[in-house]
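What follows is a short report on a single structure.
Every chain is numbered from 1, with letters handed out A, B, ... down the list of sequences. As the structure is a prediction and not an experimental result, all values here were calculated from the model.
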Number of protein chains: 2
Amino acid sequence: MSERTPTLEDVARAAGVSRATVSRVVNGIRNVDPQIQERVRAAVAATGYSPNRAARSLATRRANSVALVVSGPGEDACTSRVFADPFFGRIAGGIVLSLRREGIHPVLMLADTDEARDDVLTGLRRGDADGALLVSTHVHDPLPAMLAGAGVPAVLFSRPVRPVEISYVEVDNHAGAALAADHLLARGRERLATITGPAGVPVSQDRLTGFREALARHGLHRVPVAEGDFTQDGGEAAMLALLAEHPGLDGVFAANDLMAQGAIAVLRDHGRAVPDDVAVIGFDDGAPAQSSRPRLTTIRQPVEDMAAEMATLLLTRLAAPATPPTSVIFAPTLIPRAST
Amino acid sequence: MSERTPTLEDVARAAGVSRATVSRVVNGIRNVDPQIQERVRAAVAATGYSPNRAARSLATRRANSVALVVSGPGEDACTSRVFADPFFGRIAGGIVLSLRREGIHPVLMLADTDEARDDVLTGLRRGDADGALLVSTHVHDPLPAMLAGAGVPAVLFSRPVRPVEISYVEVDNHAGAALAADHLLARGRERLATITGPAGVPVSQDRLTGFREALARHGLHRVPVAEGDFTQDGGEAAMLALLAEHPGLDGVFAANDLMAQGAIAVLRDHGRAVPDDVAVIGFDDGAPAQSSRPRLTTIRQPVEDMAAEMATLLLTRLAAPATPPTSVIFAPTLIPRAST
DNA sequence: ATGAAAGCGCTAACAC
DNA sequence: GTGTTAGCGCTTTCAT
C-alpha cells in the first residue's frame with residue numbers, strides 16, 4: 001500500500017542480495033552468478049522496480065539524454081514558426097524514432113536569441129544533456145561554433161556556413177541539382193532558369209553550382225537566376241522577375257518545394273500552363289510537393305534517414321568521446337510527378 | 001584550471017558561508033541577511049556556479065521537466081508524419097516558448113504503440129517528468145485515461161473522446177462553425193454544404209452541429225454533408241461527392257484548411273471559380289490557409305496561445321497538486337481572405 | 001562472484 | 001538568520 005516507488009534497496013532485500021549486485025544485474029554487467037541473476041530479475045519484476053534517472057545521473061555524471069535544439073533567427077514572429085516548418089517536423093520525427101531504440105527522449109530547446117543560446121550552452125556544459133542535435137535555420141548561427149568551442153558533443157543538420165569542427169549530415173545538394181537539370185533536359189526543355197535560396201547559404205550555393213555545372217556539361221551556359229528566400233512568397237517574387245526578363249522560358253528549377261509552389265502560382269497567373277508551357281521542379285519532397293496542383297516533380301532529401309543518422313552519430317560520439325567529427329552525405333533522388 | 005564544474009560547496013567556501021545558505025540564496029528563499037546574500041551572489045558569479053539538475057531532482061524528488069507526448073495512431077508511416085503536421089509544430093512552438101519562461105524544456109515522447117504508451121506511462125510514474133502535455137491524433141487514444149488513472153498530472157490539447165477527469169484546452173468549435181456559417185450567409189451564399197472531419201471525433205461533431213445550428217437560425221435546414229478525414233485527399237473526395245449530388249452549391253465550409261484546399265482544387269478542376277462561383281471557408285488558419293491560391297478565408301484557432309495555456313495549466317497543477325482538472329475554451333476568429 | 005561503503009550535488013529538517 | 005546533518009537512489013572502487 002505504500003506510495004513509495006521501489007528502490008534498489010527494496011529489490012536487494014527482496015532478492016536477499018546487496019544493492020551492488022542488483023545494480024550489476026540491472027545494468028547488465030557480467031560476473032554475476034546466473035542463479036543470483038535469476039533471483040534478482042524475479043525480485044525486480046515482483047517489486048515493479050525501475051531505476052531512478054536522477055540518482056543514476058548523479059552517480060554517473062551523465063544525463064542520459066540529448067538536446068534537440070532549434071536555432072532560429074529570433075525575429076519573434078518566426079520563432080514559433082520554426083516548429084511549424086514541416087521540414088523540422090520530419091527531422092524531429094526521425095530523431096525521436098531513432099533515439100527511442102536507446103530508450104532516450106530528446107529535450108526540446110529553442111535558441112533564437114543570444115540569451116537563449118547562452119542558456120542552451122550553459123545547460124549543456126553543466127550536463128543537463130550529454131550532447132546536442134542542432135537544426136539551424138539561421139544563416140550565420142553562432143551556436144555551432146559555441147558548442148564546438150565548449151567541447152559539447154553535437155551534430156548538425158546541414159553543413160555550417162563557416163567551417164567548424166563539428167559533425168553533420170547533409171544531402172548531396174550538388175548532385176541533387178544536377179539530377180534536376182538532367183531531368184529538365186531529358187524532358188526536352190532548353191530555355192531553363194533557376195530560383196535559388198538566399199545567397200551565402202551553403203545549401204543555396206551548392207544547388208546553384210550543381211545546376212549550372214550540369215547544364216554546362218550539355219553546352220548550356222549562362223542560365224537566368226533569381227534569388228528567393230526559401231518561402232513561397234519569395235518564390236513568387238523570383239518567378240515574376242524571371243518571367244519579366246525571359247518570357248520564353250520553358251523550365252524552372254526552384255531550390256526548394258515552397259518556392260516551386262510560388263513559381264507555379266505565378267506561372268498560372270500569367271497564363272502559362274504547368275507543365276505544358278513551363279516545367280517546374282523543386283527540391284525536398286516534403287508535404288507541399290505531394291499536395292500541390294499539379295503534383296510537384298522534385299528532388300527528394302531522405303530527411304528522416306538523415307535525422308536518424310544524426311542521432312546515431314551523436315550516440316557514437318558519446319560512447320567514444322575520442323571520435324573525431326564526422327559528416328555523412330546522403331544521396332538525393334528524383335521524384336517525377338506531374339509538374340514536368 | 002580544474003575541469004570540475006563548481007558545486008554549492010565551492011560557492012559556500014568562496015563566500016565563507018554554509019552550503020545551506022548558498023542554497024537558500026540560489027533558490028530565492030527569504031530569511032537571508034541582505035549582506036550575505038550579496039556575498040553569495042558574488043561568489044556564484046565568481047565561480048560560475050550553476051546548479052546540478054540531477055542532484056536537485058534527487059533531493060526534491062521532482063524532475064523539473066515536463067513531457068510533451070505525441071500520441072499517434074502507430075501506423076508506422078504516419079508515425080513520424082505526426083511531427084510534420086504543421087499543427088503539431090504550432091503547438092510545440094507555443095509550449096516551448098511558454099515553458100521557457102520557467103526555465104524548463106519539454107521532453108519529446110512518442111506514444112504510437114501500446115508498448116510505447118506503457119513506456120511513457122512508466123517513465124512518468126517513475127518521475128522522469130513531473131507531468132505531461134498530450135497531443136493526441138488518435139481518436140480512441142487510451143493514454144489520457146491511463147494518465148488520469150495513474151494520477152499523472154496532464155493537460156490535453158482537445159477534449160478527449162470519452163470523458164476523462166483531465167485538464168484540456170480547446171477552441172470553441174461550435175462557435176467557430178457558426179462564424180463560418182454567418183460569414184457565408186453574409187456573402188449572399190445560400191446553397192451551402194459542409195465537409196466534416198471523421199465522425200466520432202468531438203471536434204468534427206462540434207463543428208458540424210455548430211454549422212447546422214447557425215444555418216437553422218436563418219431558416220436553412222438539411223445542409224448537404226460529406227465526411228472527410230482532415231487530409232487534403234479526403235477533402236477532395238468529399239468535394240467530389242458533394243458536387244455530384246449538388247452541382248448548384250455556392251458555398252462550402254470545410255472543417256479544416258487542408259480539406260478546404262482539397263475542395264478548392266476539385267472545384268477548379270470542375271470549372272467552378274472560387275470564390276465567384278463557390279465560396280470556400282476552412283478552419284485552423286495554419287500555413288496552408290495563408291499560402292493557398294486563392295488565400296483561404298478561415299476560422300482561426302489561436303493554437304500558440306492554447307499551447308501556452310496548456311503549459312500554464314500544467315505548471316499550476318504541479319505547484320498545487322490539489323487543483324482539480326480544468327478546461328479552458330478559446331474563442332475562434334474569422335479571418336476573411338480571398339476564397340469567399 | 002559478492003558485499004561494504006563512500007560518494008555524486010543538492011535540499012530540508014532541525015538546532016542554535 | 002545561519003549552520004549542521006541526514007538523506008535522495010544510484011554506481012563504483014575496494015575488500016573479501
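Judged as a ring-ring contact (aromatic ring centres under 6.0 Å, His included), and not counting sequence neighbours, A:Tyr168 has no contacts. The side chain to side chain contact (heavy atoms under 4.5 Å, CB included) search around A:Ala14 returns A:Ala43, A:Thr47, not counting sequence neighbours. Annotation: side chain to side chain contact (heavy atoms under 4.5 Å, CB included) contacts of A:Ser136 (sequence neighbours excluded): A:Ser71, A:Leu134, A:His138, A:Asp141. Remark: B:Thr21 pairs with B:Ser18 by the side chain to side chain donor-acceptor pair (under 3.5 Å) rule, at least two apart or across chains. In this view, B:Glu115 and B:Thr113, B:Asp119 satisfy the side chain to side chain contact (heavy atoms under 4.5 Å, CB included) rule, not counting sequence neighbours. B:Arg101 meets the side chain to side chain contact (heavy atoms under 4.5 Å, CB included) test with B:Ser98; sequence neighbours excluded.
Listed by first and then second residue, the side chain to side chain donor-acceptor pair (under 3.5 Å) pairs that reach into residues 146-158 of chain B come to none, sequence neighbours excluded.
Taking a heavy-atom distance under 4.0 Å as the criterion, the stretch of DNA chain D touched by chain B extends 5' to 3' from D:dG1 to D:dG9.
Note on the helix from C:dA1-D:dT16 to C:dC16-D:dG1: terminal axis deviation equals 40°, with five pairs used at each end and the result rounded to 10°.
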Result block: side-chain N/O donor-acceptor pairs under 3.5 angstrom for residues 120-133 of chain A, not counting sequence neighbours:
residue: A:Thr122; atom: OG1; partner: A:Asp118; partner atom: O; Å: 2.8
residue: A:Arg126; atom: NE; partner: A:Asp128; partner atom: OD1; Å: 3.2
residue: A:Arg126; atom: NE; partner: B:Ser50; partner atom: OG; Å: 3.4
residue: A:Arg126; atom: NH1; partner: B:Ser50; partner atom: OG; Å: 2.7
residue: A:Arg126; atom: NH2; partner: A:Asp128; partner atom: OD2; Å: 2.6
residue: A:Asp130; atom: OD1; partner: A:Ala63; partner atom: N; Å: 2.8
residue: A:Asp130; atom: OD2; partner: A:Asn64; partner atom: N; Å: 2.7
residue: A:Asp130; atom: OD2; partner: A:Ser65; partner atom: N; Å: 3.4

Could you list the donor-acceptor pairs under 3.5 angstrom formed between side-chain atoms of residues 313-328 of chain A and any protein atom two or more places apart in sequence or on another chain?
residue: A:Thr316; atom: OG1; partner: A:Thr312; partner atom: O; Å: 2.7
residue: A:Arg317; atom: NE; partner: A:Thr323; partner atom: O; Å: 3.4
residue: A:Thr323; atom: OG1; partner: A:Ala320; partner atom: O; Å: 2.5
residue: A:Thr326; atom: OG1; partner: A:Pro324; partner atom: O; Å: 3.1

Contact letters for nucleotides 9-16 of chain C, in which S counts primed atoms plus P, OP1 and OP2 and B counts the base, heavy atoms under 4.0 Å
BBBBB---
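The backbone N or O of A:Arg19 lies less than 3.5 Å from no partner atom in the side chain of A:Ser23, so there is not a single donor-acceptor pair.
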